[in-house]
Amino acid sequence: MMQPRIEILPERKLVGRRMTMTLSDDKTGELWRSFMPRSKEIKHTIGSELYSLRIYDSSYFKNLNPDTKFDSWAAVEVTDFESIPIGMEPFVLPDGLYAVFLDRGPASSGPETFRYIFDVWLPASGYEPDDRPHVAVMGEKYKNEDPDSEEELCIPIRPKI
């Protein structure tokens, strides 16, 4: 199965939209539909990648519950926060150690990929989830439901103690 790159990702400045949701009431599609038409209003962007962030409470993975709330972001990287469109927010993604998985296939196969990462890879890895945002980076090869779609899934990790 897939093996990640283990690397320190640099700090990034992001601008985007945020929604609070749960796995049982997943509003990811709604979030992206509200963000994409306005993403061109964001000034000083870097690259063409889109960033999907999930920010979980520190106890989220200890007591997995599909009704536990988390914040989800749709964002792009910027050089600065000088001009943020109304209805959008800045976010500083901190640097840190990540397991970076190249995920291939349609977006709908995501739950299967995350089950592998959290149920198989992580317990055997010597790492545990860290309390930083989980990030999906969608570049030129991201094509939503296309079977040839690719995105990078960046899972924040720290060595197990």
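All heavy atoms count here, side chains included; hydrogens, waters and symmetry mates do not.
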request  = Indicate yes or no: does R33 engage E30 in a salt bridge with an N to O separation below 4.0 Å.
outcome  = no
inquiry  = Applying a strict under-4.5 Å side-chain criterion to I, L, V, M, F, W and Y, I'd like to know whether L102 and Y116 cluster together.
reply    = no
query = R17 and S39: side-chain donor and acceptor closer than 3.5 Å?
reply = no
remark   = Closest non-hydrogen atoms of D131 and S58, given as atom of the first, atom of the second and distance, are OD2-CB, 3.4 Å
query = Any side-chain donor paired with an acceptor under 3.5 Å for D67 and S24?
reply = yes
message = E11 vs V92, test: side chain to side chain contact (heavy atoms under 4.5 Å, CB included). Steps then yes/no.
response = CA-CA 7 Å; E11 178 182 284; V92 176; 3.5 Å; yes
note = Heavy-atom nearest pair, P129 first then F118, reads CG-CE2, 4.3 Å
inquiry  = Are T68 and Y60 packed together at the side-chain level, in the sense that at least one heavy-atom pair is separated by less than 4.5 angstrom?
reply    = yes
inquiry  = Within the 4.5 Å heavy-atom criterion, are K13 and F81 side-chain neighbours or not?
reply    = yes
note = Minimal heavy-atom distance between D103 and M2, with the atoms involved, is OD1-CE, 4.0 Å
query = Any chance the rings of W73 and F35 have centres within less than 6.0 Å?
reply = no
C154 side chain reached by H134 side chain, heavy atoms, under 4.5 Å = no
message = Using 0.5 Å steps for rounding, measure from the CD1 atom of I6 to the CD1 atom of I155.
response = 10.5 Å
Note, R18 side chain near L31 side chain (heavy atom, < 4.5 Å) = no
query = Can the positive tip of R132 be found less than 6.0 Å from the middle of the six-membered ring of Y98, inside 45° of the ring normal?
reply = yes
query = Hey, does W121 have a side-chain heavy atom less than 4.5 Å from the side chain of Q3?
reply = yes
message = Contact between I157 and L122 at the side-chain level, heavy atoms closer than 4.5 Å - yes or no?
response = yes
key: Side-chain heavy atoms of T28 within contact of R54, under 4.5 Å   = yes
request  = Go through V135 and L93 one step at a time and tell me if the side chain to side chain contact (heavy atoms under 4.5 Å, CB included) criterion holds.
outcome  = CA-CA 9 Å; V135 184; L93 180 65; 3.9 Å; yes
query = So which heavy atom on A75 is nearest to which on W32, and how close?
reply = N-CH2, 4.0 Å
remark   = Rounded to the nearest 0.5 angstrom, the CZ-CD1 distance for F70 and I55 is 11.0 Å
task = Is it possible for you to say whether L9 and L50 belong to one hydrophobic cluster, with membership spreading through side-chain heavy-atom contacts below 4.5 Å?
result = no
Between Y51 and R12: side-chain donor-acceptor atoms closer than 3.5 Å = yes
key: Co-membership, hydrophobic cluster, residues L14 and I46, 4.5 Å side-chain   = no
inquiry  = A side-chain contact here means heavy atoms from C-beta on lying under 4.5 Å apart; do L153 and F114 qualify?
reply    = yes
query = Cluster question for you: counting only ILVMFWY and a side-chain heavy-atom cut-off of under 4.5 Å, with indirect links fine, are L23 and M21 together?
reply = yes
key: Residues K69 and D26 bridged, charged N to O under 4.0 Å   = no
message = Side-chain heavy atoms nearer than 4.5 Å, only ILVMFWY residues, links allowed to pass through others: does that put L97 and L53 together?
response = no
inquiry  = If the threshold is 4.0 Å, N to carboxylate O, is there a salt bridge linking E128 and K160?
reply    = no
inquiry  = Could you go through E89 and I84, starting from their C-alpha distance and side-chain angles, then the distance that decides it, and tell me whether this counts as side chain to side chain contact (heavy atoms under 4.5 Å, CB included)?
reply    = CA-CA 7 Å; E89 301 176 67; I84 298 171; 5.9 Å; no
request  = Determine, stepwise, if the pair R38 / M88 fulfils side chain to side chain contact (heavy atoms under 4.5 Å, CB included).
outcome  = CA-CA 9 Å; R38 298 197 54 220; M88 295 199 193; 3.5 Å; yes
ask   = Which atoms form the tightest heavy-atom contact between H44 and D80, and what is the distance?
value = CD2-OD1, 3.5 Å
ask   = Does one side chain, of T20 or D71, offer a donor that lies under 3.5 Å from an acceptor on the other?
value = yes
